[in-house]
Amino acid sequence: MKKFFNIGPGTWVTAAFIGPGTVTVCTLAGVQFGFSLLWTLVLSIIACVVLQEMAARLGVVTQKGLSEVLKSQFDNKIVRGILIVLILSAIFIGNAAYEAGNISGGALGLLTLLESSGGNEQGISINYFSIAIGIIAFVLLYIGNYNVLERSLIVLVLLMSAAFIVTAIVTKPDLSLLFRGFVPDFSTDNILTIVGLIGTTVVPYNLFLHASIVSEKWKSTEDLPEAKKDTIVAIILGGLVSMAIIITGAAIQETEINNAADLAKGLEPVFGSMAKYVLSVGLFSAGITSAITAPLGAAYVVKGCLGWQSNLKSKSFRAVWMFILFLGVLFSSLGIKSIVIIQFAQVANGLLLPIIAAFLLWVMNQQKILGKYTNTWKQNLIGIFILVITCFLGFRGVWKVIINL
């Protein structure tokens, strides 16, 4: 049991990237393309493990966040200012937008779960469920205790994982078709979905979050092997969950998916009425975990960019995540069709990734920062390969959007 609870920061990464956006994109990938894009998730998991291991190593060795390290490398005030604006725009503003989707997704899961059990006879509005999700996230964040947050996320991630993996198994997928899905297949029709799947797995703000939180758990370079193992185990678990969602989506006959009820409806022929319960629990867990980590990630980024010497309980740190959380609750209550926003945000995330990955690769080769813990030539080779692929997919995605205007 002690070894089990030694896992931590890696689980935060899984909690962050398996949100309503991942559920949505993976489900639609399964509905539209069956198992044919499972190979994309294998690539995404490898890329995520490599980049997040770099971020964790940077955090353990320097005991600083990624934004702090990057900022310290530029003496020119103009360059440093542009860098800070870029990071704040991409992570702070982006997380505010994603937070609405996180809260909406969690609220949809809660609403569908209650309606399925006949507990919403009064027709309670989803707005109240959004507020409820916001309050739960607020309480956990306000406590400001790393261990409490970590244990809460571990439980929720395991609950979410069980829900989606069990659902995928019960759909009884055709194994021959499933294994064929691990063979790479590019086409004009699926390129934006490929970019979206990569973007929803390798999330730029997770690199900042991971580098910041590892120093809360590990204080010495002797802990690097433990940090690496934690990263690999947690992200592979997250990847399996994403694959399970694609497999589940492939069993859905509905072509229009707007909310948790639609996801469950398509599975009822193979899974029965229990589909709503299981999927709702999974979606609620995905929403609440991401609703916690998105504001926290934004707060760590702002802290690093502005040079605050603060902790989880400081007023300035709390002010940032409170602002993000408030915007998320507010915008999730506006009644906008969230699935479109979530899809757009995930594609934008995939296009932003090459910029952040390039910064990270550059920093990981600075001996004055990491000493003997800089990247090996093999790590650099894999990192550059990942960077080239993400750039290629990103440019193809942008080009397709442009020609379709």
Please determine whether side chain to side chain contact (heavy atoms under 4.5 Å, CB included) holds for the pair M243 and F182, giving the CA-CA distance in whole Å, both sets of side-chain angles, and the decisive distance to 0.1 Å.
CA-CA 11 Å; M243 289 181 184; F182 292 101; 4.0 Å; yes
Would L141 and F317 count as a side chain to side chain contact (heavy atoms under 4.5 Å, CB included) if you check the C-alpha gap in whole Å, the side-chain angles of each, and the deciding distance to 0.1 Å?
CA-CA 11 Å; L141 286 168; F317 191 88; over 6 Å; no
One pair to check against side chain to side chain contact (heavy atoms under 4.5 Å, CB included): T27 and T248. What are the steps and the verdict?
CA-CA 7 Å; T27 299; T248 302; over 6 Å; no
So W308 and V320, side chain to side chain contact (heavy atoms under 4.5 Å, CB included) or not? Walk me through it.
CA-CA 12 Å; W308 294 343; V320 175; 3.8 Å; yes
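In this structure, the ring of F179 has its center no less than 6.0 angstrom from the ring center of F35.
Distance check, rounded to the nearest 0.5 Å: CD1 of I232 to CD1 of I45 gives 12.5 Å. Note that CG of L51 and CG of L361 are 7.0 Å apart. Values are rounded to the nearest 0.5 Å. To the nearest 0.5 Å, atom CG of residue L70 and atom CZ of residue R80 are 12.5 Å apart. In this structure, the separation between CG on L156 and OG1 on T14 is 13.0 Å, given to the nearest 0.5 Å. Interatomic distance, CG of L110 versus CD1 of I103, reported as 12.5 Å (0.5 Å rounding). In this structure, the separation between CZ on R180 and OG on S36 is 11.0 Å, given to the nearest 0.5 Å.
Smallest separation of non-hydrogen atoms from E99 and G328: CG-CA, 3.7 Å. Across all their heavy atoms, V241 and S161 have their closest contact at CG2-OG, 3.4 Å. The nearest pair of heavy atoms linking G304 to S67 is CA-OG, 3.3 Å. Closest heavy-atom contact between S130 and V329: O-CG2, 4.2 Å. Contact between G297 and L209 at its shortest, heavy atoms only, is CA-CD1, 3.8 Å. A pairwise comparison of heavy atoms in I246 and G34 identifies CG2-O, 3.6 Å as the closest pair.
Of the possible polar contacts, none joining the T374 side chain to the N365 backbone as a donor-acceptor pair under 3.5 Å is found. In this structure, E216 contributes its side chain and S212 its backbone to no donor-acceptor pair below 3.5 Å. Not a single donor-acceptor pair under 3.5 Å links the side chain of E226 to the backbone N or O of W218. Not one N or O on the side chain of N95 forms a donor-acceptor pair closer than 3.5 Å with the backbone of P295. Side-chain N or O atoms of N102 include one that pairs as donor or acceptor with a backbone N or O of S290 at under 3.5 Å.
Between the side chains of Y205 and T293, at least one donor N or O lies within less than 3.5 Å of an accepting N or O.
Salt bridge annotation for K71-E68: absent, with no cationic side-chain nitrogen under 4.0 angstrom from a carboxylate oxygen. Using a 4.0 Å cut-off between charged nitrogen and carboxylate oxygen, E150 and K217 count as a salt-bridge pair.
Residues L207 and Q52 have side chains in contact (heavy-atom distance under 4.5 Å, counting atoms from C-beta outward). Counting heavy atoms from C-beta on, the side chains of E53 and Q379 come closer than 4.5 Å. Side-chain contact check for N375 versus R57: some heavy-atom pair is nearer than 4.5 Å. Looking only at side-chain heavy atoms (C-beta outward), I247 and T171 come within less than 4.5 Å of each other. The closest side-chain heavy-atom distance from T201 to T22 is not below 4.5 Å. Here the side chains of W12 and L149 are in contact, with some heavy-atom distance below 4.5 Å. A heavy-atom distance below 4.5 Å is found between the side chains of I18 and S242. Looking at V13 and F17, their side chains come closer than 4.5 Å, going by heavy atoms from C-beta outward.
Residue-environment remark: CZ (F323) stays at or below the threshold of 12 foreign heavy atoms within 6.0 Å. Other residues, nucleotides and ligands contribute over 12 non-hydrogen atoms within 6.0 Å of the OH atom of Y146. The neighbour count for K219 NZ, taken as heavy atoms of other residues, nucleotides or ligands under 6.0 Å away, is above 12.
Classification of the W321-F138 ring pair by plane angle, with boundaries at 30° and 60°, yields perpendicular.
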